[in-house]
Every structure is written in structure tokens, then in C-alpha cells.
2 protein chains.
Amino acid sequence: MTEAPGPTSRNKILEVAEARFAQRGYAGVGLREVAEAAGLSKSSLFHHFPSKAALYCSMLDGVLRRLEARLGPALGTEQAPPERLEAGLDELISVLAEQPTTARLLLRTLFEDDDLPEGGLPEADAMNATLARVIGAIHTVIEAGVADGSFRPVSVPHTVQTLVGTCVYHFASGEFGDELLGRPIFSAEAVRARREEVRAFVHFGLARQTDSAPKEKAS
Amino acid sequence: MTEAPGPTSRNKILEVAEARFAQRGYAGVGLREVAEAAGLSKSSLFHHFPSKAALYCSMLDGVLRRLEARLGPALGTEQAPPERLEAGLDELISVLAEQPTTARLLLRTLFEDDDLPEGGLPEADAMNATLARVIGAIHTVIEAGVADGSFRPVSVPHTVQTLVGTCVYHFASGEFGDELLGRPIFSAEAVRARREEVRAFVHFGLARQTDSAPKEKAS
DNA sequence: AAGCGCCCCGACCGATCGGTCGAAGGGATA
DNA sequence: TATCCCTTCGACCGATCGGTCGGGGCGCTT
């Protein structure tokens, strides 16, 4: 209903917009640049999208739906909450490692309050709804774990922020200064390391246990 | 030499620029806005700074020097590398919690490759030199720890990225969606929690030990 | 062939961007 | 009082911004 991934002009625009906005942010990208990179003129772009904000929101909505399609199944198995959470974060890490643009766009979305100018346009509502579903899916799993006692009584939103943010950040920053780090920051080993790190957090930092828990929080 | 913190127009501009650029990024802020918020006209701003990029770099250099002044003493004691690293990260967390703009600007600097257009202007060189000193100070401590055997033979740049990035990210994102999290994301408890998390990483994840190490990496 | 709808385009709009210029105010020195 | 420097300013520049408009090509139906 929302998308048919044919090589249409609209999809080409969305594809280009995703790459450009991920690289330089909402304010840093002009529509002329997007249109010409997509192979048409700026006027034609406005035939497919009513405004810059609508284009950005439509693009981000598509990215989030892609993410949702991967995270949903992983989080929705019939296993116990810790295993479901671990599987979901594993999948999240896979997606971020495969799609660098997703990581960067997600990071921008999570930490930029006013990246795009507000205004009650319908595309923004749809995008926010998708984002809320994705976040809510993780939220629900952690909440279930807290409810059945497998997780400590942490602040669920804060924990979601910690988990998602840590994953997103690492795959969003490709390099860390040329003279300090010559090679790209993530690779197969980096993905594995991050996976183990998150796994350790879930099973040692978040799970209920007696001592040596590295994390404590007020509710 | 570089700064005298009097209430001069120049300092007022830098102060306003820090807040604005931290909020909306380099491309998202216009100089007219900065100048008027600082109480003078755009022309006057150009009397104090030769260009927008120079203003941004001068501002960021000041922020980094402020950070350096706090991190240097903490990292430079005569204790063992793990304790020095922990003290430095403790101080980093304190600075980030006290100065939200520093966290946001640092996050932008670390993950935005092309936030500001390159060009061999001297302010950019000075800023990059300051950044390299700050990062290098942490780098050196970890390297010393690896050399004397108190840390496992990790990739030092990657470890710096992990440590700094994790701290910075959490204090850069003030909220995480209004309906999912009503209160500001960090407070006294959040600062303490992050401190303990980093401390756990240094002593359990980074330190050399036999088992239960949650992190492994290729060199 | 006539009509229609979709898609694309060049030209244009007002606003704002970063940046320049010449002049004026004001305080210190002579 | 005259000179000088630092600072501030309004006016202006070309370029680019997001966005609009009218028209033309093209395929499909009738």
C-alpha cells in the first residue's frame, strides 16, 4: 500500500534523498541536488512530493518500515524476554551494519530535536507513528521482562535509549579522524564485538541477579 | 593567548554560536540569527570572524579547550592506567552533564564527516589540533595500559571511539520522544549510572582477565 | 484524431544565504 | 582640536534556498 519498489522516479528520489540526508542532514541538503542526482529537475521532484519536509518524512518512514520488517519478527518470537531482546538487538545490529544510511538517519532522528521544522503535515504523522511502533516493540519486550522478573526494575525508556543509542552511534560514525584511525571503524569483527557487548549488557547488566551488576537506575 | 573571557562582543558571539550550532548544526544556523541573538548586526559579526566556517571552528576550539582543561589533569595523574582512564572518563561525564552543548557539539564532530565545508583555513587547523590533543590524551592512557599489561590488546582507536562515543551520545540526546519519555533523559541518577557503566567497562570489559570478559576484538 | 491524465521541464518568484563596502560613532592619544 | 583605531552599522551583492506556474511530450482510451 505504501510502497512498490519499482524503479520509478519517486523511488529513485527517495533513494537519493536517503543517502544525501543521511550524509549531511536535513538543512545541509538542497532539493536541486537531490533532483539532479535522481535524474530529473527540481520541478519534477515537486510533482512527487509536496514539500521538502514531506520528502524527508516519507523517506524516513520508508527506512523505519524497512527496519520494522526486520525487528518485528526477531522481537516477536515465543521465547522469554531476554532471548527475544537479544535476538532483536542482534537483528538491529545486522541492519545497521548492512545499511549505513539507516544508522545515520536513526542517530539524527534520536538526538536532533529540531532537525526538521515542525508542522502538522500528514507525512510527519505517519513517520512518527512508524517510529513509535519500532521503539514501542523494543519497549514492550523490556517491559515484559521487568514484569516477569527476568529484568531488574529499570527505567524502560532509559534502557531503550541506552540500547538503541549505543548500537546506532557505533555504526553511524564511519571514521574517527584519519590520523588516529586509518581503517573504517566497523567490519565483521566490529559487528561481532558490538553484538557481544549488547549481549553482555542484556544478560549481565539488565538481567536480575545478586551482585556485580554494572548498572543501577531509579525507576 | 587565545581567549580572555570578558563580556566582549566576540565572546558573546561565541557564546550564542555555541548554543545555536549545538542545537541545529552548522548548516541549520544562519549568521543573521547568531548576530542578532548576540545583540549586534550581521556586518559586525564579520568584523570579528572572517567567515562562518572560521566562527564555527573558533567556537568549537574553545569548547574543546574547555574540555581539555578538565580532562588533562584527570588523565595525567601518576596512578596506573586503569585508574587514570576511569578518572578521565569520570571527568568527561561530569563535563558532558554540566554542559549539554558540549555533548551535542562533540557528537556532531565525531559522527558528521562533512558538517563544515573543508578548506585550509587556519581556525580549522587549530581546532583539529585541539581535538587531536584531547583524543590523543585518552589514546595515550589506553595505550599505556595495553603496554603494561593491565588492558587486553584491544584496538586502541576503536576503544577510544567506544568510550567517548557512548558517553557523548547519552548526554547529547536530551529526550527520546515525548510520549515515550516525559522527563529529561539525564539527571543525578543518570550521571551516576553512566559513570558506573563506564567503570564496569574499564575494569571488566577492557582489563585483562581470564573469563567473563564481555568484549573481544581483533587488534 | 480528439481527448485526457501523468510526468517532466524551463522560467520565475520572494526570501534568505554568506559575504562586502563605505561611512559613522566613540574613546584614547597627541 | 585633530588624528587614529576599534567597533558598529545599513545598504547592497550574487548565489542559492524552497516553492509555483504554465506548457509540452507521451501513452492510453474512446
Side-chain angles (χ1 to χ4, degrees), chain A residues 3-21 23-60 112 114-124 127, chain B residues 2-18 20-21 23-60 112 114-124 127:
Chain A
E3 47 180 328
T8 64
S9 287
R10 181 188 162 94
N11 288 334
K12 180 71 179 168
I13 292 170
L14 287 170
E15 185 182 322
V16 171
E18 181 180 331
R20 295 296 205 277
F21 282 130
Q23 262 196 353
R24 297 198 297 280
Y26 182 79
V29 177
L31 294 186
R32 195 175 268 99
E33 171 190 351
V34 174
E36 291 183 359
L40 27 72
S41 77
K42 194 189 55 164
S43 318
S44 305
L45 189 148
F46 275 94
H47 172 75
H48 297 281
F49 301 94
S51 70
K52 184 186 186 182
L55 166 62
Y56 187 87
C57 291
S58 297
M59 175 274 296
L60 193 53
E112 302 236 22
D114 31 17
D115 197 4
L116 72 162
E118 64 262 38
L121 78 164
E123 288 86 352
M127 181 268 283
Chain B
T2 53
E3 47 180 324
T8 64
S9 289
R10 179 187 165 94
N11 289 333
K12 181 71 179 169
I13 292 171
L14 287 170
E15 185 182 324
V16 171
E18 181 180 331
R20 295 297 206 275
F21 282 131
Q23 262 196 350
R24 296 198 298 279
Y26 182 78
V29 177
L31 293 185
R32 194 177 268 99
E33 172 191 350
V34 174
E36 291 184 358
L40 28 72
S41 77
K42 195 190 53 165
S43 318
S44 304
L45 188 148
F46 274 93
H47 170 75
H48 297 280
F49 301 94
S51 70
K52 184 185 185 182
L55 166 60
Y56 187 87
C57 291
S58 297
M59 176 273 296
L60 192 53
E112 303 237 24
D114 30 19
D115 198 4
L116 71 161
E118 64 262 41
L121 76 164
E123 288 86 352
M127 182 267 284

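In what follows, every chain begins at residue 1, and chains take the letters A, B, ... in the order their sequences are listed.
- The two residues A:R24 and A:V29 have their closest heavy-atom pair at CB-CG2, 4.0 Å.
- For D:dC9, the OP1/OP2 oxygens have no side-chain nitrogen or oxygen of B:H47 closer than 4.0 Å.
- Phosphate proximity of D:dT8 to B:S44: absent, as no side-chain N or O sits under 4.0 Å from OP1 or OP2.
- Contact annotation: side chain of A:K42 to base of D:dG19, donor-acceptor pair present below 3.5 Å.
- The heavy-atom pair separating A:K12 from A:A38 by the smallest distance is CG-O, 3.5 Å.
- Checking A:H48 against A:R32, the closest nucleotide of DNA chain C that is more toward the 5' end is the one next to A:H48.
- Between D:dT8 and B:S9, a contact under 4.0 Å exists linking OP1 or OP2 to a side-chain N or O.
- Atom pair B:F46:CZ and D:dT7:P shows a separation of 17 Å (rounding to whole Å applied).
- Between B:V16 and B:A37, the shortest heavy-atom contact is CG1-CB, 3.6 Å.
- Distance B:L121 CG to C:dG18 C1': 14 Å, rounded to the nearest Å.
- For the OP1/OP2 pair of C:dC9 and a distance below 4.0 Å, the side-chain nitrogens and oxygens of A:S41 include at least one atom meeting the criterion.
- Using bins of under 30°, 30° to 60° and over 60° for the plane-to-plane angle, the ring pair A:F21/A:Y26 lands in the parallel bin.
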